[in-house]
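Here is the structure we will look at, set down as structure tokens.
For the numbers below, each heavy atom of this structure counts, side chains included, while hydrogens, waters and symmetry mates do not. Please read all numbers here as calculations on a predicted model, not as lab measurements. Throughout, residue positions are numbered sequentially from 1 according to the sequence presented.
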Amino acid sequence: MKPGEPPGTAGPTDTRAAAPVFPSVPLARALASALQPLQGSEARVAAAVSGGADSAMLAAHAAPLALERGIALQIFHVHHGLQAAADEWTGSVRELGRILQLPVHVAHVQVDGNSGLGIEAAARNARYAALAGLAQAHGVTHILLAHHQRDQAETVLLRLLRGAGLQGMAAMAPAIQRDGQTYLRPWLDQDRAEILRAAQAFAGRHGWHPVHDPTNADPRYTRAAVRELLGPVLDARWPGWQARLAEHARHMAEAAAIVEDVARADLAALQPSADNTSFALAPWRQLPLARQAQALRYWLALNGAAMPTGARLADMLRQLRQLHSLGHDRQMRVAHAGHVVRCHRGRVWIEPRHQGHP
């Protein structure tokens, strides 16, 4: 191994079992850092691969690292059926698995275009559900996602345009828990140009080329509109904007963590029930107004409720602040995204809609 090469890069005298050479040392180093805590553990890892350049290169860099560290690695592919070429993409991913000597597992999903979420959100939800199902079926604990710096910058812009709060402006986190799985995004600081260079080098070595999803450049879709319409203007006027917005997301994540710590402490002082489904109204009303709102958001999230819109949150806050006596608090009842928030005997409760009164 040459000086400066990440572990696992095969040199000319390497006699280990064949493994692909890293197409990009910077990408390999970033991925190695994310995988380091898993070395020597019982973790089983999968790379989510669509067949595009980003996810394919994630798998290509993860394969030799997993081999070096003794980590069981697999490829997960979700067949959405939204494009005529979807079957070809699945075949391309299987071929990539053959080159990388990795098992490939495929899930077929039906995307509900009438869910009211929009096709992008519906496809994303279906994809995560399918990945969770594959992980459960194959004993996987960690799933690698190929989001990169441009994806992060686009997410910051989209969240800003949608009026997201502090937590939303933190955009994508390097690691998240969802559906009992840990998702890792090791390339949030990596320039996509480096990924494309790696894909070109990989194609030259193995003859494998990534697939191209036409929706990624179709401005009828929200993210593609940011990429195709706003991106070129920002590139011309503010070179480096992607790195700056990604840095902004890190700052927002740090600030959000501090605010969450304050909200956690505030809720703990509100005489919460053992299962955190209720808290005392009187001490909540003694909090500063901004901390009332943040404690309420934190409590809703703790109970698995979706974050309310600004208008819905304002309505909840107004009703809670206007309650005057235990005899009148029964009038408080707000339905919110599959839950009901109500007040009863001086306590604020949350419950699924189908349940009765506390």
Side-chain angles (χ1 to χ4, degrees), residues 24-35 47-50 52-62 118 120-121 123-125 127-128 131 142-178 181-199 210 213 215-219 221-260 307:
S24 165
V25 171
L27 296 179
R29 285 176 175 157
L31 182 53
S33 178
L35 291 178
V49 178
S50 67
D54 305 334
S55 59
M57 288 305 95
L58 183 68
H61 288 80
E120 292 171 281
R124 181 169 59 250
N125 289 345
R127 181 164 58 251
Y128 274 112
L131 290 174
H142 293 70
I143 299 176
L144 298 170
L145 302 176
H147 298 113
H148 45 74
Q149 189 180 82
R150 189 187 74 182
D151 292 326
Q152 184 74 310
E154 290 170 356
T155 300
V156 171
L157 275 178
L158 287 169
R159 299 281 177 85
L160 179 63
L161 293 171
R162 290 168 180 163
L166 184 62
Q167 185 64 52
M169 292 305 298
M172 294 183 285
I176 62 168
Q177 297 288 326
R178 178 169 178 159
Q181 308 300 318
T182 299
Y183 289 87
L184 301 177
R185 299 183 178 104
W187 284 352
L188 289 179
D189 290 327
Q190 300 302 308
D191 189 342
R192 187 165 193 260
E194 182 67 21
I195 298 174
L196 295 179
R197 285 191 289 270
D213 184 346
T215 63
N216 288 334
D218 187 343
Y221 298 96
T222 304
R223 184 173 290 271
V226 169
R227 182 177 304 137
E228 297 299 315
L229 303 179
L230 290 181
V233 176
L234 294 172
D235 288 338
R237 184 63 181 84
W238 292 283
W241 66 274
Q242 296 179 12
R244 286 193 287 274
L245 287 188
E247 179 67 19
H248 172 75
R250 285 191 292 274
H251 292 326
M252 293 300 99
E254 292 171 358
I258 295 171
V259 170
E260 183 173 323
M307 278 301 95

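Here the straight-line distance linking atom OG1 of Thr155 with atom CG of Leu160 works out to 12.5 Å at 0.5 Å rounding. Taken to the nearest 0.5 Å, the CZ atom of Arg150 stands 8.5 Å off from the CH2 atom of Trp241. Atoms CD and CZ, on Gln152 and Arg185 in that order, are 8.0 Å from each other to the nearest 0.5 Å. For the atom pair Leu157 CG and His248 NE2, the distance stands at 9.5 Å (nearest 0.5 Å). In this structure, the separation between CG on Leu184 and CD1 on Ile176 is 9.5 Å, given to the nearest 0.5 Å. Separation of atoms CD1 (Ile143) and CD (Gln181) is listed at 5.0 Å; rounding is to 0.5 Å.
Although no hydrogens or angles enter the test, the distance criterion places a donor-acceptor pair under 3.5 Å between the side chain of Arg159 and the main chain of Gly168. A donor-acceptor pair under 3.5 Å is formed between the side chain of Ser55 and the backbone N or O of Ser50. When atom types are taken as modelled, the side chain of Trp187 and the backbone of Ala30 share no donor-acceptor pair closer than 3.5 angstrom.
The minimum heavy-atom distance between Ala199 and Ala53, with the atom names listed, is CB-CB, 4.1 Å. Taking every heavy atom of both residues into account, Gln149 and Ala246 meet most closely at CG-CB, 4.0 Å. Across Leu58 and Leu31, no two heavy atoms sit closer than the pair O-CD2, 3.9 Å. Across all their heavy atoms, Ala171 and Ala249 have their closest contact at CB-CB, 4.1 Å. The minimum heavy-atom distance linking Ala164 with Met169 is given by the pair O-CG, 3.9 Å. The shortest non-hydrogen separation linking Asn125 to Arg178 is OD1-NH2, 3.6 Å.
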Query raised in the report: Is there a side-chain contact (heavy atoms from CB on, under 4.5 Å) between Ser24 and Arg197 once you walk through the steps?
Result: CA-CA 8 Å; Ser24 165; Arg197 285 191 289 270; over 6 Å; no
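Contact annotation: the side chain of Met252 approaches that of Leu166 to within less than 4.5 Å [non-hydrogen atoms, C-beta and beyond]. Contact check for Leu234 versus Gln242: no side-chain heavy atoms found under the 4.5 Å cut-off.
Applying the salt bridge (charged side-chain N to carboxylate O under 4.0 Å, His left out) test to residues at least two apart or on different chains, the pairs with a partner in residues 221-230 are Glu154-Arg223, Glu154-Arg227.
Remark: Ala34 engages Pro186 in a side-chain contact (heavy atoms from CB on, under 4.5 Å) (not counting sequence neighbours). Arg250 pairs by the salt bridge (charged side-chain N to carboxylate O under 4.0 Å, His left out) definition with Asp189, Glu247, not counting sequence neighbours.
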